[in-house]
Chemist: 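Here it is, the structure, as structure tokens.
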Amino acid sequence: MAERYAALLDSWKSAGERARQAQRVLDERFDAFLRGEGPEPDEQERVLVRKLHAEEQAALQAALDYVQASVIRK
């Protein structure tokens, strides 16, 4: 159980880091756009950030589901 749970947590943490990094990049691009220093981020960039946040949430839910299933079995 511990190895599977650790793997699920690692997956969640990794997904979270990817989502946060993409969000930082998008935020920086929006800031530059608002300062008149670059183009507005396109829809593809915004969709990517939403997708990565959804992946993070799915990874967290998988870890929570695993814990819940482990508790119910006992």
Side-chain angles (χ1 to χ4, degrees):
M1 174 183 149
E3 288 178 27
R4 176 71 178 138
Y5 184 60
L8 288 167
L9 287 180
D10 286 343
S11 177
W12 169 54
K13 290 175 186 177
S14 178
E17 182 54 37
R18 288 190 306 275
R20 284 187 297 280
Q21 177 60 29
Q23 185 69 58
R24 279 191 293 272
V25 169
L26 183 63
D27 291 347
E28 289 169 3
R29 289 188 39 87
F30 265 119
D31 288 345
F33 169 70
L34 292 173
R35 289 189 309 268
E37 298 172 357
E40 180 178 6
D42 62 28
E43 181 64 19
Q44 184 177 358
E45 292 169 294
R46 294 187 294 266
V47 168
L48 174 62
V49 170
R50 286 192 299 269
K51 177 182 174 269
L52 291 172
H53 281 296
E55 289 175 6
E56 176 187 15
Q57 289 301 309
L60 174 59
Q61 190 61 55
L64 293 172
D65 290 345
Y66 181 80
V67 169
Q68 184 177 19
S70 297
V71 170
I72 290 173
R73 281 185 250 152
K74 288 185 177 186

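On a predicted model such as this, the values are computed, not experimentally measured, just so you know.
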Chemist: Could you pull out every donor-acceptor pair under 3.5 Å between side chains of residues 26-33 and any protein atom, sequence neighbours left out?
Modeler:
| residue | atom | partner | partner atom | Å |
| --- | --- | --- | --- | --- |
| D27 | OD1 | Q23 | NE2 | 2.9 |
| R29 | NE | E45 | OE2 | 2.6 |
| R29 | NH2 | E45 | OE1 | 3.3 |

Chemist: Kindly give the heavy-atom pair with the smallest separation between R4 and Y66, and that separation in Å.
Modeler: CG-CE1, 3.4 Å
Chemist: Check this for me, if you would: do E17 and K13 make a salt bridge, where the nitrogen-to-carboxylate-oxygen distance has to be below 4.0 angstrom?
Modeler: no
Chemist: Which atom names give the shortest non-hydrogen contact between H53 and A19, and what distance separates them?
Modeler: ND1-CB, 3.7 Å
Chemist: Taking all atoms of both residues into account, what is the closest heavy-atom pair of A22 and V49, and its distance?
Modeler: O-CG2, 3.6 Å
Chemist: Check for a donor-acceptor pair, side chain of R18 on one end and backbone N or O of L52 on the other, with a separation under 3.5 Å.
Modeler: no
Chemist: Can you confirm whether E37 is buried at CD, in the sense that more than 12 heavy atoms of other residues, nucleotides or ligands lie under 6.0 Å from that atom?
Modeler: yes
Chemist: Measure the shortest side-chain to side-chain distance between Q44 and L48 over non-hydrogen atoms and say whether it is less than 4.5 angstrom.
Modeler: no
Chemist: Quick one: pull up CD in Q68 and CD in Q61 and give me the separation to the nearest 0.5 Å.
Modeler: 8.5 Å
Chemist: So if you build clusters from Ile, Leu, Val, Met, Phe, Trp, Tyr with side-chain heavy-atom gaps below 4.5 Å, do W12 and V67 land together?
Modeler: yes
Chemist: Measuring from atom CG of D65 to atom OG of S70, what distance do you get when rounded to the nearest 0.5 angstrom?
Modeler: 10.5 Å
